[in-house]
Amino acid sequence: MKPDSKPPRRSVLRQWLHAPGSLSRRLAALGDRFAVQTLRQGPARLHRREIEQLGHHARGRVWVREVLLRVDGLPMIWARSVAPRPSLAGPWRALLGLGSRPLADLLFKDPRVTRSPLRVEHLSHGSPLRERMLRQWFKANGHKPPHNMVWARSSIFHKHGAPLRVMEVFSPKLAGWKPPIGKQIAKDSTRH
């Protein structure tokens with residue numbers, strides 16, 4: 001995975017990559033059913049980009065949560081969240097009980113949580129992180145993701161100084177829908 005200063009040519013996908021706030025709420029506004037499918041949760045190794053972004057927090061053991069975000073059953077996003085293990089006993093302990101709830105429930109409802117600017121990234125073909133996404137996508141769906149599913153964004157959330165890195169890989173199918181804004185995403189939170 002490598003950062004890329006040139007956003008994808010498809011302007012609608014570019015809008016998704018730069019959309020602020022809760023991605024889960026935007027996705028939920030696209031259909032009747034929004035769901036989070038947990039693929040893996042537990043201790044794991046970090047990838048190079050994660051180590052670079054987390055800095056000294058990347059030392060020692062980390063906790064990883066990998067999920068698919070679905071709209072009306074269709075997988076739209078593969079997401080990976082990484083937190084240093086010590087923060088699970090402190091600021092990020094609620095992550096352990098999140099289950100199939102969106103991570104946004106913890107990130108955007110707590111005023112103590114801050115977010116770094118979004119970084120648009122390109123997942124190189126053959127990179128370990130992209131290969132991981134491909135395997136999990138196939139196992140969960142019975143087919144590979146679109147070949148051109150290479151665009152992602154990442155950011156670091158902080159709570160009481162403890163970082164949580166969130167990366168979201170976007171299906172090119174999202175280029176068919178503009179990201180909902182304003183009142184379009186102000187739906188009842190019980191839907192997601």
Side-chain angles (χ1 to χ4, degrees), residues 1-5 7-8 13 16-27 36-69 75-124 127-137 145 149-171 174:
M1 184 168 61
K2 62 179 182 176
D4 195 313
S5 59
L13 188 56
W16 279 101
L17 288 164
H18 293 283
S22 170
L23 179 61
S24 296
R25 290 193 65 185
R26 290 181 195 285
L27 289 170
V36 177
Q37 178 184 358
T38 305
L39 304 172
R40 184 181 183 284
Q41 189 168 281
R45 289 181 22 204
L46 290 177
H47 295 277
R48 183 181 55 82
R49 175 66 54 202
E50 294 168 331
I51 292 169
E52 290 171 4
Q53 288 184 329
L54 289 171
H56 73 278
H57 294 285
R59 295 186 188 111
R61 301 184 70 186
V62 297
W63 178 88
V64 171
R65 179 180 189 236
E66 295 162 330
V67 300
L68 280 178
L69 304 182
M76 295 294 189
I77 302 285
W78 180 81
R80 177 176 163 103
S81 306
V82 177
R85 297 263 311 181
S87 64
L88 297 178
W92 296 115
R93 68 180 160 269
L95 289 171
L96 296 173
L98 200 55
S100 62
R101 288 186 7 234
L103 183 58
D105 287 357
L106 302 179
L107 301 178
F108 297 103
K109 294 179 181 178
D110 187 338
R112 298 169 296 177
V113 175
T114 60
R115 184 183 201 177
S116 72
L118 292 166
R119 291 176 61 146
V120 174
E121 301 178 9
H122 182 267
L123 274 67
S124 303
S127 70
L129 197 52
R130 186 166 193 280
E131 292 300 315
R132 179 164 192 75
M133 183 268 296
L134 292 173
R135 285 190 306 272
Q136 287 187 345
W137 188 283
M149 188 170 170
V150 295
W151 290 103
R153 71 181 192 179
S154 67
S155 58
I156 309 284
F157 292 86
H158 285 90
K159 184 175 179 180
H160 299 299
L164 170 67
R165 181 182 189 269
V166 177
M167 184 196 67
E168 299 144 331
V169 184
F170 290 70
S171 170
L174 277 171

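Residue numbers start at 1 and run along the sequence shown. Only this structure's heavy atoms are used, side chains among them; waters, hydrogens and symmetry mates stay out.
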Please examine the side chains of [Y] and [X], heavy atoms only from C-beta on, and report whether any two atoms are closer than 4.5 Å.
X	Y	value
Glu168	Leu69	no
Met76	Phe170	no
Leu27	Trp16	yes
Val36	Arg65	yes
Leu107	Ser22	no
Leu118	Leu17	no

Closest heavy-atom pair and its distance - [X], [Y]:
X	Y	result
Gly21	Arg115	O-NH1, 3.4 Å
Ser171	Trp137	CB-CH2, 4.5 Å
Ser81	Leu103	OG-CD2, 3.3 Å
Arg26	Pro20	NH2-O, 2.8 Å
Thr38	Ser100	OG1-CA, 4.2 Å
Val150	Arg130	CG1-NE, 3.5 Å

TODO: Would you please test Ile156 and Gln53 for side-chain contact (heavy atoms from CB on, under 4.5 Å) and show each step?
DONE: CA-CA 8 Å; Ile156 309 284; Gln53 288 184 329; 4.1 Å; yes
- [ ] Using side chain to side chain contact (heavy atoms under 4.5 Å, CB included) as the criterion, point out the one residue from Val169, Leu174, Ile77 that pairs with Met149.
- [x]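 Per the side chain to side chain contact (heavy atoms under 4.5 Å, CB included) rule, the option paired with Met149 is Val169, out of Val169, Leu174, Ile77.
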Task: Between OG on residue Ser155 and CZ on residue Arg165, distance to nearest 0.5 Å - done: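 Output value for this atom pair is 8.5 Å.
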Task: Spacing of CG belonging to Asp110 relative to NZ belonging to Lys159, to within rounding of 0.5 Å - done: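 Reported to 0.5 Å precision, the distance equals 4.5 Å.
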Open item on the list: Under the rule for side-chain contact (heavy atoms from CB on, under 4.5 Å), what residues qualify as partners of Pro43, not counting sequence neighbours?
Closed with: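 With neighbours one apart ignored, the set is Arg61, Arg85.
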TODO: Not counting sequence neighbours, which residues clear side-chain contact (heavy atoms from CB on, under 4.5 Å) with Val64? List them please.
DONE: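 For Val64, the residues satisfying side-chain contact (heavy atoms from CB on, under 4.5 Å) (neighbours in sequence not counted) are Arg40, Ala44, Val62, Glu66, Arg80, Val82.
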Throw together a table of side-chain donor-acceptor distances under 3.5 angstrom for residues 87-97, partners on residues two or more places apart or in other chains.
from, atom 1, to, atom 2, distance (Å)
Ser87, OG, Pro84, O, 2.7
Trp92, NE1, Ala162, O, 3.0
Arg93, NH1, Gly90, O, 2.9

